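The structure appears right after this line, and notes come after that.
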Amino acid sequence: MAQLVLHGGAGGAIADRPQRQAAVDRALDAGWAVIGESALAAVQAAVRQMEDEPLLNAGVGAALTQDGTIELDASIMDGTELRSGAVAGVRDLRHPVDAARAVLDDGRHLLLIGEGASRLAAAAGVARCEPGTFATDRQVKRWEAADTVGAVARDDGGRLAVAVSTGGVAGKLPGRVGDSPLIGCGFYADDRLGAACATGVGENFMRLVLCHRAVLEMASMDAEAALSSAMDLLSSRLGATGGMVAIDRDGGMAARFTTPFMPWAQRSG
Ligand code: ASP
């Protein structure tokens, strides 16, 4: 029995909701197609697909900085051996989640930024591109609110994995790094407990180290209850909203959001 749950961001913008849901559904298919390989392969494939969806804030279609540039963050984690890889502030990698995977596979470090991240990724065969590749008319015109993408999977060996990719919050200062590439803040996975990833204004998830907290809670409750508790804490402690998806060690899946909308999808089988 395997599980996959993913989201296309809790930014809550009114526009294009059916299209954003359809984009997430396509990513579910892309991830599910390789879940037989591993949970890690599934989350990478699902997030990679969402990086190609111009209506989602990751890869093509990413939010712009205050200067009108694009700086992308991505991460991936394997809950079996607690291996993790992330990149922040990359501008010329076609698929930031592939770069995060290259950092994980390399194994020396957990987080690389900017040009150093691009160099390691390119040496590992990740495609580079022109920074202009990611800008879409929609983002240039609207500077839309946050809409990170993320995926959590459990394969039939009980291995958990999580991956996240984002352009970050719209209008961010150049150099700003959010929760998405920070272990424990925007993502976490541990086969012995569960796995989770987050979307919303990253500074809030960073203050609460919320994904790690939610995963620790799964020692004594299922994914559904752990996410309710995490969303309650986000609200009561910081007055903030957001969204999360998770899978517990028994394969229980959950998606919770306190913004008006978060496209998400799940499959089990
Ligand atoms: N969490 C992301 C960030 O702060 C944004 C989002 O979830 O949409 O960079």
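What you see is a predicted model; the values in this text were computed from it and never measured. Just follow the structure's listing: the first ligand is 1, and inside any ligand the first atom is 1.
Checked against a 3.5 angstrom limit, the closest N/O atoms of Thr166 and ligand 1 fall outside it. For ligand 1, the polar-atom distance check against Val201 finds no nitrogen or oxygen pair separated by under 3.5 Å. Residue Asp73 has no N or O atom closer than 3.5 Å to an N or O atom of ligand 1.
Using a 4.0 Å cut-off to heavy atoms of Thr199, the atoms of ligand 1 that qualify are 6 (C), 7 (O), 8 (O). Close contacts between ligand 1 and Ser180 involve ligand atoms 1 (N), 2 (C) [criterion: under 4.0 Å to a heavy atom]. Heavy-atom proximity to Gly200, at under 4.0 Å, picks out these atoms of ligand 1: 1 (N), 2 (C), 3 (C), 4 (O), 5 (C), 6 (C), 7 (O). The Gly168 neighbourhood of ligand 1 comprises atoms 9 (O), with distances under 4.0 Å to a heavy atom of that residue.
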Candidate pair Ser38 and Asp155, rule side chain to side chain donor-acceptor pair (under 3.5 Å), full reasoning | CA-CA 6 Å; Ser38 66; Asp155 58 34; 5.2 Å; no
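Taking the charged nitrogens against the carboxylate oxygens, Arg20 and Asp16 have no contact shorter than 4.0 Å, which rules out a salt bridge.
Checked options Met50, Gln49, Arg48; the residue passing with Val149 is Met50 (criterion: side chain to side chain contact (heavy atoms under 4.5 Å, CB included)). A side chain to side chain donor-acceptor pair (under 3.5 Å) with Thr166 is found for exactly one of Thr148, Asp179, Asp73, namely Thr148. Screening Glu71, Gln66, Glu203 against Arg176 for a side chain to side chain donor-acceptor pair (under 3.5 Å) leaves a single residue, Glu203.
Residue contact annotation: Glu203 has no non-hydrogen atom under 4.0 Å from ligand 1.
Using a 4.0 Å cut-off between heavy atoms, Glu71 makes no contact with ligand 1 at all.
Within a 6.0 Å radius of CG in Leu233, other residues, nucleotides and ligands contribute more than 12 heavy atoms.
Once rounded to the nearest 0.5 Å, the distance linking OG of Ser228 with CD of Glu217 reads 10.5 Å.
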